[in-house]
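The block underneath contains the structure these notes are about, expressed in structure tokens.
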Amino acid sequence: MKYIFRIGIPIVFFVFVFSVIQPSDIADVFYKADWVWFVLGCFSVALGNYLSSLRTRVLLFENSQPLLILWHIHALRAMITGALPFSSGELSYVYYLKKYCITPAAEGLAILVSVRFLEFVMFLCLLFLLAVIGMFMDASPMNQAALGIIIINLGIVYFALCKTSFLMKTLTFCMGVLSKVINNKEFSNRIFQKTEHFSQAVKGLFSSDKRPGLLILTFCIVILRNVFVLSMIRAMGVSISVWFIVYLFIFLFVTRFFQGFGSFGNQEVGISGALLLLGYTRTDALSIAIGTHLLQWIPVLFLGVFSYIGIQSSK
């Protein structure tokens, strides 16, 4: 059933899309594209991968990994995450760290969870600041509701930050109960040990003296990822405004939970939804959304394939 769901989302979406628009509409959008913004988006991807590699090297307990290998890992992770449904490709980061950097899976998972959480916090803070600025321009009920949604999410994040120790203890307790339920004592002990290792690794990352550099690098990475998305949309000729940015990233965040193969379907819904609020017609919004997605895939796919060749040759 889950495979039908994952494959069905893109199929249903494209059946709907091509009942509304024609391939010539997408070709026309590409013809009018501003390729300077596309180059800026490609540069932001490459620089973002470089900063992510620096951050990973800082966070690894054995801080001696070649930066080029880490860059290849991040480029591959981006390509695989975009291709697989429900962001399951994120685990490729843990796999490649273990394979090429001899990093224990628990440590790699702790790094992944920690940095994703920090990125989400900074992403919400940026959205909140933009929404507050936008309220001085247009305080409509819909915009107030959007600000309220952001504040609720910030409240949840604040609770998680204040209760980090409690959450780690809860995780350890749950895995301890699970290990007792499992009849295989050796297997249950391994689960408990790995959970404990993961918990200690997360605590170590948040309480270490690496925190200032980690925060600066993460902030820059979040900015570059947002610049990447906005540059590709701007390349399609879309005017960028404060509330467009807010609604765009709210929609993209919500639709990410329904991500199918290649992110086709959910990403177009998020982009076209924000464009419809700007007053674009359904035909133009869908054409721009598909064009933007295809533009995004060009650097991600190119760097991913290049990194796969590079990391294989480095063995």
Side-chain angles (χ1 to χ4, degrees), residues 40-82 87 89-98 100-130 153-154 157-158 160-161 164 198 200-232 245 249 252-253 256 296 299-300 303-304 306-307 310-311:
L40 176 62
C42 294
F43 175 76
S44 66
V45 171
L47 182 57
N49 283 344
Y50 173 73
L51 295 183
S52 296
S53 304
L54 284 177
R55 181 179 63 182
T56 298
R57 190 163 70 172
V58 169
L59 290 174
L60 288 175
F61 295 138
E62 294 294 334
N63 189 4
S64 60
Q65 297 299 331
L67 198 59
L68 182 59
I69 294 296
L70 295 176
W71 194 90
H72 288 328
I73 289 174
H74 279 281
L76 277 169
R77 179 209 58 78
M79 181 179 70
I80 296 172
T81 300
S87 299
E90 290 281 6
L91 293 177
S92 63
Y93 174 77
V94 179
Y95 169 77
Y96 284 122
L97 279 182
K98 183 177 181 180
Y100 294 105
C101 300
I102 321 298
T103 303
E107 181 185 333
L109 186 60
I111 292 174
L112 176 63
V113 172
S114 301
V115 298
R116 285 293 174 268
F117 181 74
L118 282 178
E119 288 171 1
F120 182 61
V121 172
M122 291 184 177
F123 169 76
L124 281 179
C125 290
L126 286 173
L127 272 188
F128 174 75
L129 290 176
L130 285 173
N153 280 273
L154 280 173
V157 167
Y158 179 76
L161 285 172
T164 303
F198 169 78
Q200 293 301 323
V202 171
K203 291 178 183 177
L205 293 174
F206 280 110
S207 62
S208 67
D209 56 357
K210 304 172 184 176
R211 188 182 300 174
L214 171 63
L215 293 176
I216 293 172
L217 282 172
T218 302
F219 178 76
C220 294
I221 291 166
V222 170
I223 292 294
L224 286 170
R225 286 180 182 167
N226 293 337
V227 167
F228 169 58
V229 176
L230 294 174
S231 295
M232 295 306 182
I245 295 174
F249 287 113
L252 286 177
F253 175 73
R256 191 174 182 179
Q296 287 177 304
V300 171
L303 294 176
F306 171 79
S307 293
I311 205 168

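Residues: numbered from 1 along the sequence shown.
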> Just one of Leu109, Ile111, Val113 clears the side-chain contact (heavy atoms from CB on, under 4.5 Å) bar with Val94, so which one?
Replying inline: Leu109
> With Ile73, which of Thr56, Ile311, Asn49, Leu68 fulfils side-chain contact (heavy atoms from CB on, under 4.5 Å)?
Replying inline: Ile311
Nearest heavy-atom neighbours spanning [X] and [Y]:
X: Ala46; Y: Trp71; result: O-NE1, 3.5 Å
X: Cys220; Y: Leu51; result: CB-CD1, 3.7 Å
X: Leu76; Y: Gly304; result: CD2-O, 3.4 Å
X: Gly48; Y: Ile221; result: O-CG1, 4.3 Å
X: Val222; Y: Met122; result: CG2-CB, 4.3 Å

If you measure from [atom1] on [X] to [atom2] on [Y], what distance do you get to the nearest 0.5 Å?
X: Leu91; Y: Thr81; atom1: CG; atom2: OG1; answer: 8.5 Å
X: His74; Y: Leu303; atom1: NE2; atom2: CG; answer: 13.5 Å
X: Leu47; Y: Ile223; atom1: CG; atom2: CD1; answer: 12.0 Å
X: Leu127; Y: Leu154; atom1: CG; atom2: CG; answer: 9.0 Å
X: Cys42; Y: Gln296; atom1: SG; atom2: CD; answer: 10.5 Å
X: Met232; Y: Ser44; atom1: CE; atom2: OG; answer: 6.5 Å

What I'd like to find out is whether the side chain of [X] reaches to under 4.5 Å of the side chain of [Y], using heavy atoms alone.
X: Val58; Y: Leu214; result: no
X: Pro299; Y: Phe228; result: yes
X: Tyr93; Y: Ile80; result: no

>> Show me the pairs that pass salt bridge (charged side-chain N to carboxylate O under 4.0 Å, His left out) and involve residues 69-82, at least two apart or across chains.
In response: Arg77-Glu90
> Around Tyr50, counting heavy atoms of other residues, nucleotides and ligands shown, do more than 12 lie under 6.0 Å from its OH?
Replying inline: no
>> For Phe128, is the CZ atom crowded, meaning more than 12 foreign heavy atoms sit under 6.0 Å from it?
In response: no
>> Would Leu252 and Val229 count as a side-chain contact (heavy atoms from CB on, under 4.5 Å) here? Give the steps.
In response: CA-CA 10 Å; Leu252 286 177; Val229 176; 4.2 Å; yes
>> In terms of relative ring orientation, are Phe253 and Phe120 parallel, tilted or perpendicular, with 30° and 60° separating the classes?
In response: parallel
